[in-house]
Amino acid sequence: MYGGLDTNVMLQYLAWVTYPTVLITFSAGFTQILAPQAVGSGIPEMKTILRGVVLKEYLTLKTFVAKVIGLTCALGSGMPLGKEGPFVHIASMCAALLSRFLSFFGGIYENEARNTEMLAAACAVGVGCCFAAPIGGVLFSIEVTSTFFAVRNYWRGFFAATFSAFIFRVLAVWIKDEETITALFKTRFRLDFPFDLQELPAFAVIGIASGFGGALFVYLNRKIVQCMRRQKTINRFLMKKRLLFPALVTLLISTLTFPPGFGQFMAGQLTQKDTLVTLFDNRTWAKQEPSDEFEYIGILEAWRHPRSNVFITLVVFILMKFWMSALATTIPVPCGAFMPVFVIGAAFGRLVGESMAAWFPDGIHTDSNTYRIVPGGYAVVGAAALSGAVTHTVSTAVIVFELTGQISHILPVMIAVILANAVAQSLQPSLYDSIIRIKKLPYLPELGWGHHEKYNVRVEDIMVRDVPYVSLNCKYRDLQHVLQTTKMKSLALVDSAESMILLGSIERAQVGAMLGQQLHPQRRLQALRQKAWASADDGRRFSEASVCFQISTEASSFTPARSGSRKPLKPALKRVPSVPTDGPPAGATDSSSIALKSLFCANSAAEPAEAQGQAPRKAKHVRISVTEDLDLGDRMTPAEILDWEEQQLEQNVDFSSAQIDPAPFQLVERTSLHKTHTIFSLLGLDHAYVTSIGRLVGMVSLKELRKAIEGSLTAKGVKVLPPLASFRRSSTSAGELDTTDLRQLWDRHQHHSMPREAGPDDGDTSK
C-alpha cells in the first residue's frame with residue numbers, strides 16, 4: 001500500500017501510520033477482552049510457574065488463542081517488538097494443554113512432576129523454533145527459567161527443540177522461501193583469517209559498552225512502567241481508555257520512522273529481518289560503491305543518505321531504536337524484547353566495525369599479510385553482547401552461531417558476552433527479573449555480588465514468630481478463627497498450645513472442608529430427625545407426625561342390607577403427606593407403629609362392652625402408616641440455627657479424616673540465609689517452618705526471604721534483629737536456654753509414656 005502511493009506523500013503517511021495503529025489497537029483490544037494474561041513476553045511468568053507457583057488462567061486454551069492472534073497482529077504492525085518470549089509462552093501452553101488432554105487416559109501424565117518436565121522442554125521449543133537454534137534454545141531456556149535444572153530433562157529439551165527447529169526450516173523450503181535448510185541469517189565471513197588478535201580490545205570494548213547499554217535499557221523500561229503506574233492521573237486515565245495508550249505509542253513510532261520524513265536518517269523502511277541481513281553483511285559500507293554484483297544492493301540503499309554518511313545513520317538508528325524499543329515493549333500486547341535488543345546490539349557492533357575499518361582502511365598489518373577488517377563480525381559480536389546483557393545469559397553466543405551458520409568469531413563473541421554480563425549483572429537485574437518485580441510475582445531473587453553481608457544473617461533474624469497453627473485438641477471455633485485471621489495456604493499442626501511440638505501441616509482447603517462439614521445444613525437436619533424420632537419413641541411428639549388410617553372390615557352385622565354384593569368400607573380417614581420424602585428409620589417406624597396400634601386396639605376392644613345388645617362382630621384389620629415430615633430445616637428460626645452452630649463450634653476437632661502432611665519442610669534457628677536461599681531455590685518452596693528441638697518457633701516464607709536479600713527487613717510482621725545478632729549472643733546464655741528446653745522435654749516424656757512396639761521379651765516380663 002505504501003509503495004503504490006509514491007505520488008502523494010500525504011497518502012503515503014496515512015497508509016504508513018494507519019496500518020500499524022489499527023493492528024496494534026486490535027491486538028490490544030482482542031487480548032484485553034479474551035485473555036489479559038496473554039499480554040507481555042511470557043518468560044517471567046513461566047519462570048515463576050516452573051518454580052512451583054500456580055498462576056490462574058495462564059496456560060489455558062483461551063489464553064493460547066489470544067496470544068497467537070495478538071502476536072500475529074503485533075508482529076505484522078512493524079513495531080520494534082520481539083517474538084521469542086511469546087513463542088516460549090505459546091509452546092508452554094501447548095505442552096500444558098497436551099498434558100491435560102493425555103491425563104484423561106491416565107498414566108504418567110497425571111503426575112504433576114511430569115507436567116513440570118514438559119513445561120521445561122516447551123520453553124526450549126519456543127526459543128528453538130523462533131531462531132532455528134535448538135542448542136542455543138535449550139541453553140537459553142535453562143538460563144532464563146531455571147535456577148536449578150534437572151539433568152533428566154536435558155535430552156527431552158534437545159529432542160523437542162531439534163524437531164521444532166527442523167519443522168520451522170522445512171516449512172520455509174516447502175513455501176519456496178529457501179532452497180534447502182540453512183541458517184536463518186547466513187553470513188559469508190572469511191574462514192582463513194576471520195579477525196586479528198589486535199582486534200580483541202575492540203571486541204572487549206563492545207562487551208563493556210553493551211553491558212552498560214543493557215543495564216540502561218532495563219532501567220529505562222522499568223522507569224516507564226513505574227511512571228505510568230505512580231502518576232495517579234495518568235494511571236486512572238489509561239485504565240478508562242485502555243486502547244488509547246497503544247494507539248498513541250504506535251502513532252508516535254510510526255511517524256518517526258516514516259521513510260520520507262525522519263525515517264530516512266535511520267533506515268526506517270527496513271523490517272527487523274532486513275535490518276539484520278544488512279548489518280551482518282561482510283562488506284565495508286564506508287567504502288562500498290553500488291555494484292550490480294552485490295546481492296543486497298536494494299536493501300542496503302536504506303542506510304545511505306546523500307546529505308549524511310553511514311556513521312550518522314547508525315548513531316541515529318541506535319539512539320532512536322533504543323528508547324522506541326523500551327517504550328514499545330510496555331504496550332499491553334503479546335510481545336517480547338529480545339529481537340529489538342538484538343537488532344540494536346548488531347547496529348552498535350556495526351558502528352564499531354565501520355569505525356575500525358575507517359581507522360584502518362588497509363586492515364591491521366600482521367607480518368607480510370594484510371587482512372581487511374570485517375564490520376559484519378563486529379555486528380555479530382554486538383548483537384550477542386547486548387542481548388546477553390539485557391537477559392543476563394551467555395547462551396546468546398550459541399544462538400548467534402546457529403543464526404549465522406558460522407562459528408569463526410567464537411572467541412570475540414564469548415569475550416564480549418562475558419564482559420557484558422559482568423557489567424550488567426552488577427548494575428541491574430535482568431529484564432525478566434525486572435518484570436517479575438514490577439508485576440510483584442512471587443519469585444526469589446538471587447544472591448548477587450553485593451550481598452556478601454547476608455551470608456552472616458540467620459533464620460532467627462528474619463523469621464516470623466507469630467505463626468498461625470492448629471492443635472490436636474483444638475475446637476472447631478479455633479479453626480474458624482484461624483481461617484478468618486490468616487490467608488496462608490497451609491497451617492502448622494502442633495501437639496498442643498503448651499508444648500508446640502510440630503506434628504505436620506494441613507492445607508487450608510482441608511480445614512475449610514472440615515469446618516464446613518461440621519456446620520453443614522444436612523448435618524443439622526439429620527440431628528433434628530434423630531431428635532424427632534427420639535421424641536416419637538417416648539410418645540411426646542405426635543403432633544409432628546401425619547397419621548394415615550385405612551380401616552377395612554371383612555364382615556359386620558351392623559351394616560344395613562343392600563342389594564348386590566357386599567363391598568368393604570371406604571377409608572374413614574385418609575390424609576396423605578404433602579411432601580413425599582424418605583421414610584424414617586425402620587426401628588423408629590416399628591416402635592411408633594406399635595405404640596399407636598396398642599392405643600387404638602384398646603379403644604376398639606372397649607367398643608363391644610359399650611354397645612350392648614348388638615351381635616358380635618368380626619375382628620377389624622387396622623393398617624396404620626406413620627410418615628415423618630423431613631423438611632425440618634424451615635422450622636428452625638435463625639436464633640435456633642445460631643445456637644446449634646455455637647454448640648457445634650464448641651466440639652473438639654476430629655482429624656481422623658483429614659489429609660495431613662507429616663513431614664513439612666523445617667529449618668532450625670541457626671540456619672544461614674545462604675543455605676535457606678539454596679534450599680528454597682532447589683526445592684521450589686514457598687515457606688518452611690522453623691523448629692527448635694521439635695518445637696515450632698517461627699516460619700520463613702518467600703516474602704521474608706526476599707526482603708532479607710533485598711535488605712528491607714523492616715516490614716510489618718517480621719521481627720527484625722540486627723545483623724550478626726546470632727554471633728553477639730553469648731554462648732553461655734544460649735547453652736542455658738537449650739539445656740532448659742531439653743529438661744522440659746525430658747520431664748514431659750517422663751510423665752507421658754511413649755508408645756513402643758512390643759518386643760519378644762515383653763510377655764516374659766509381665767508374667
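Numbering of residues begins at 1 and proceeds along the displayed sequence. What you see is a predicted model; the values in this text were computed from it and never measured. Both backbone and side-chain heavy atoms feed into the values below; hydrogens, waters and symmetry mates do not.
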**Student:** Decide yes or no for L705 and T676: does some side-chain heavy atom of the first lie under 4.5 Å from some side-chain heavy atom of the second?
**Tutor:** yes

**Student:** Would you give me the side-chain donor-acceptor pairs under 3.5 Å for residues 653-660, sequence neighbours excluded?
**Tutor:**
unit_1, atom_1, unit_2, atom_2, d
D654, OD1, S656, N, 3.2
D654, OD1, S656, OG, 2.9
D654, OD2, S656, OG, 3.0

**Student:** Taking the side chain as C-beta and beyond, is there a heavy-atom pair between L649 and Q480 under 4.5 Å?
**Tutor:** yes

**Student:** Sorted by first residue and then second, give each ring-ring contact (aromatic ring centres under 6.0 Å, His included) pair with at least one member in residues 477-500; sequence neighbours left out.
**Tutor:** none

**Student:** Report the residue from K439, K56, K67 that forms a salt bridge (charged side-chain N to carboxylate O under 4.0 Å, His left out) with E45.
**Tutor:** K439

**Student:** Could you check whether E650 pairs with R477 (Lys NZ or Arg NE/NH1/NH2 to Asp/Glu carboxylate O, under 4.0 Å)?
**Tutor:** yes

**Student:** Is a donor on one side and an acceptor on the other found under 3.5 Å between the side chain of S430 and the backbone of D433?
**Tutor:** yes

**Student:** Please lay out, stage by stage, how K489 and H687 fare under the test side-chain contact (heavy atoms from CB on, under 4.5 Å).
**Tutor:** CA-CA 10 Å; K489 295 182 179 179; H687 73 279; over 6 Å; no

**Student:** How would you list, by chain and number, every residue that makes a ring pair (Phe, Tyr, Trp, His ring centres under 6.0 Å) with H392, sequence neighbours excluded?
**Tutor:** none

**Student:** What pair of heavy atoms forms the shortest contact from M463 to V700, and how long is it?
**Tutor:** CB-CG2, 3.7 Å

**Student:** Test Q37 against Y58 for side-chain hydrogen bond (donor to acceptor under 3.5 Å, both in side chains), laying out the working first.
**Tutor:** CA-CA 6 Å; Q37 296 82 5; Y58 196 77; over 6 Å; no

**Student:** Between R229 and I438, is there a side-chain heavy-atom distance shorter than 4.5 Å?
**Tutor:** yes

**Student:** Looking only at non-hydrogen atoms, find the nearest pair between P664 and S505 and report the distance.
**Tutor:** CB-OG, 3.8 Å

**Student:** Below 4.5 Å, heavy atoms only, C-beta onward: do Y469 and L493 meet side chain to side chain?
**Tutor:** no

